[in-house]
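Report on the following structure.
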Amino acid sequence: MGLIPQHFIQDLLNRVDIVDLIDSRVPLKKAGANYKACCPFHGEKTPSFNVSQTKQFYHCFGCGMNGNAISFLMEYDRLEFPDAVEELAMTLGLEVPREESTDNRPKIDNSLYDLMSKAANFYQNQLKSPHGKNAVNYLKNRGLSGEIAKQFGLGFVPDAWDSLEKLFGGFNKTNAKNHKLKQQLIDCGMLIQKEGDSSRVYDRFRDRIMFPIKDKRGRVIAFGGRVMGDGEPKYLNSPETPIFHKSNELYGLFQARQANRNLARILIVEGYMDVVALAQFGITNAVATLGTATTATHIQQLFRTSRELVLCFDGDKAGRAAALKALEHGLPQLREGREIKLMFLPDGEDPDSMVRKVGKEEFNRLVDRSHSTFDFLLKYLSSQVNLESVAGRGQLVHLAKPYIEKITDPVYRDLFTLSVAETSGLAQDKISALLDGGNQVKQSEANSFAPKTNRSEAKKHSKPAQKTNKSVQLAITLLLQQPAIGLSIEGFDWLLSFSSSGPKILHELLEIIHKNPNLSSGALLEHWRGKPLYERLAQLAILEREEKIKGQEKQELLDCIDRLLTDARNNRLRTLQDKSSTEGLTQAEKAEYQQLLLLSKQ
């Protein structure tokens, strides 16, 4: 399926009223020019969630959540981007168009889903047949009921090499339809071509309990097969296919959503059987990674569904190493209203065995007592050093540094830095200086669109650069808050002559506005979705300026542009002066130089 055209997204955002959309889910009250409510994304008693009808944008001053109508649906209804666009389009009676894909990725053949569904039904029926008697006994011995097996679509594949060939009516080479079926089953990982004879195929899965893996829509996209005896491998998973990418998928997430209208907490475990066994005991909020470590994509998906994630690990050294790896992906995604906890089981236990040993109530109490991210991290890092020595305390700071740098939420970052400071005995400002030392230029540019210069150049031109930077930031802020005033600016390609990033961003904003004259703030920001600058631009879009004069925004923008144009001319003048003293100027450059001199004296 191709990409959704950008022009359609812009048109959609221009047609939808964000106040009506949010008010249908979170009752809003008029408050001056805007609307207010208690934030739906974090607990609060005093409303700090603001919705601007003019900007078509929402922002919570408590937790920092912000965005347009699409962003709201993604966060509140927990939808992926394409689904949020589909939902908005449906409310307006519009059909979402798709562009032809311009990348080299193969297009997904939707008929693969039908083949996987047919295979899943076949495996379930085999479980009910005489061939599946041993499999049924195995599941019963594991404490699983027929009801739970049905809920998760468990099945059985016979100990044969050609079960799928018989199911699909043979793979005759002369029959084009059957030949295509064979290739499709190879593509989705169900058949393997025999080595040395590409015309021969055999089933990947044989004599195993089958666990169908479903995507967020409930479509079967892969399988996990478990042996019933001592065979190897104990678990055999589908390979990567056009419809299955194991680092993106989670076993049991579809079932957890079906079983719980609101998932306050999600438990992430390791195996299929852990998920199914916990569900057997009424714990229906567990999901499993598919033979991989917990990835950033996993965590991102789960935070769309729940605000609290509990990662369950073995209590041994390998389990703690896996926890640290997961936190590397989780720390950047923590913010107000989101929490990651860590649960460590006794040696030799897994969630399946543990819930059978202690029961549902005690197991849930163990989950409740899980370690908070920052408590675990500080305790673990401290255990790696000797805090009685100066060297050990210094080593703690260095061990903590890469983790602190991954924390993007300023409150969590400061609090964890304070905890490290108290434990190590080093002042918090010293740790902050150590952290900021290597990132000053990068941070400065991200926060204020500062120009890139070396130290001597920065010192030489610091005041002009600061003035340029302030003009750029104010111009960008004005455009984000009132895009229509950008239509008064004509001929702005000279902004690209600056070496710094800010003027280039300003140029891009003006270009978008001139191509789409009716854009709201929310629709304008949509162009940066998923890009590093999005959060910074969103902050400027809701910035309350102290020296704001209502109705004068257009003139303020014109003044900024005039100052920047003067700076651009002065920069060009200096460049020509430098060239004149070294290699000389062409006739055209001499004429340009004289013209710039005259302009500089006006």
Side-chain angles (χ1 to χ4, degrees), residues 2-22 33-34 51-59 66-74 81-82 84-102 449 472-496 501-543 553-558 560-561 564:
L3 297 173
I4 301 171
Q6 188 64 233
H7 69 81
F8 177 81
I9 295 170
Q10 300 301 333
D11 183 51
L12 192 61
L13 289 170
N14 286 337
R15 292 194 192 195
V16 171
D17 187 342
I18 195 170
V19 171
D20 292 341
L21 174 73
I22 295 179
N34 297 329
V51 184
S52 170
Q53 197 159 37
T54 306
K55 297 177 184 176
Q56 290 293 300
F57 194 72
Y58 68 87
H59 178 79
N66 57 56
N68 55 29
I70 294 173
S71 307
F72 184 81
L73 285 181
M74 289 174 68
F81 177 81
V85 174
E86 293 275 3
E87 178 73 16
L88 276 185
M90 187 173 67
T91 63
L92 296 173
L94 300 175
E95 185 176 341
V96 179
R98 298 280 178 168
E99 293 177 340
E100 285 296 320
S101 179
T102 56
F449 311 109
V472 169
Q473 182 162 309
L474 178 55
I476 289 173
T477 303
L478 290 165
L479 287 174
L480 287 168
Q481 296 190 0
Q482 293 190 38
I485 63 175
L487 297 172
S488 61
I489 309 299
E490 297 290 347
F492 43 83
D493 282 351
W494 52 267
L495 284 166
L496 298 174
S501 61
K504 292 180 175 63
I505 295 165
L506 179 56
H507 179 276
E508 188 174 0
L509 277 165
L510 287 166
E511 200 170 44
I512 292 168
I513 290 166
H514 277 262
K515 289 179 180 177
N516 307 273
N518 300 316
L519 283 184
S520 64
S521 297
L524 181 57
L525 277 168
E526 186 62 32
H527 284 268
W528 279 271
R529 178 177 297 281
K531 298 177 182 177
L533 267 176
Y534 180 86
E535 287 300 326
R536 178 59 181 152
L537 294 178
Q539 289 170 9
L540 295 179
I542 53 91
L543 181 69
E553 291 84 1
K554 181 177 176 180
Q555 187 57 52
E556 282 186 285
L557 177 63
L558 291 170
C560 287
I561 295 297
L564 289 170

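Basis for what follows: all heavy atoms, side chains included, without hydrogens, waters or symmetry-related copies.
- No side-chain donor from either of Gln56 and Asn68 sits under 3.5 Å from a side-chain acceptor of the other.
- Inter-residue side-chain proximity for Ile9 and Leu13 is flagged as met; some heavy-atom pair is nearer than 4.5 Å.
- In this structure, Leu88 and Ala69 approach most closely via the heavy-atom pair CD1-CB, 4.0 Å.
- Across Gly67 and Tyr534, no two heavy atoms sit closer than the pair CA-OH, 3.5 Å.
- You'll find the side chain of Leu540 reaches within 4.5 Å of the side chain of Arg536, heavy atoms only.
- Of the possible donor and acceptor atoms, one in the side chain of Asn14 sits under 3.5 Å from a partner among the backbone N and O of Gln10.
- Closest approach of Ala538 and Leu525 over heavy atoms only: N-CD2, 3.8 Å.
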Requested in this report: Decide side-chain contact (heavy atoms from CB on, under 4.5 Å) for Phe57 and Ile18; before the verdict, give the C-alpha distance in whole Å, the side-chain angles of both, and the deciding distance to 0.1 Å.
Outcome: CA-CA 7 Å; Phe57 194 72; Ile18 195 170; 5.6 Å; no
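- Judged by distance alone, the side chain of Gln481 and the main-chain N or O of Leu478 form no donor-acceptor pair under 3.5 Å.
- By the neighbour-count criterion of 12 heavy atoms within 6.0 Å, atom NZ of Lys554 is sparsely surrounded, having that number or fewer from other residues, nucleotides or ligands.
- Ser521 contributes a side-chain N or O that, together with a main-chain N or O of Leu480, makes up a donor-acceptor pair within less than 3.5 Å.
- The neighbour count for Lys531 NZ, taken as heavy atoms of other residues, nucleotides or ligands under 6.0 Å away, is above 12.
- Salt bridge Glu86/Arg98: present, at least one basic N to carboxylate O contact under 4.0 Å.
- Inter-residue side-chain proximity for Leu506 and Leu564 is flagged as met; some heavy-atom pair is nearer than 4.5 Å.
- At a threshold of 4.5 Å between non-hydrogen side-chain atoms, the residues Leu21 and Leu73 count as touching.
- Remark: Leu12 CG to Thr91 OG1 distance equals 7.0 Å, nearest 0.5 Å.
- To the nearest 0.5 Å, atoms CG (Leu524) and CD (Gln482) are separated by 12.5 Å.
- Between Gln6 and Glu526 there is a side-chain heavy-atom pair separated by less than 4.5 Å.
- Distance check, rounded to the nearest 0.5 Å: CG of Leu92 to CD of Glu87 gives 10.5 Å.
- Between Phe492 and His514, the ring planes lie tilted relative to each other; the angle falls in the 30° to 60° range.
- Side-chain contact between Gln53 and Asn34 is absent, with no heavy atoms from C-beta onward closer than 4.5 Å.
- A heavy-atom distance below 4.5 Å is found between the side chains of Arg529 and Ser71.
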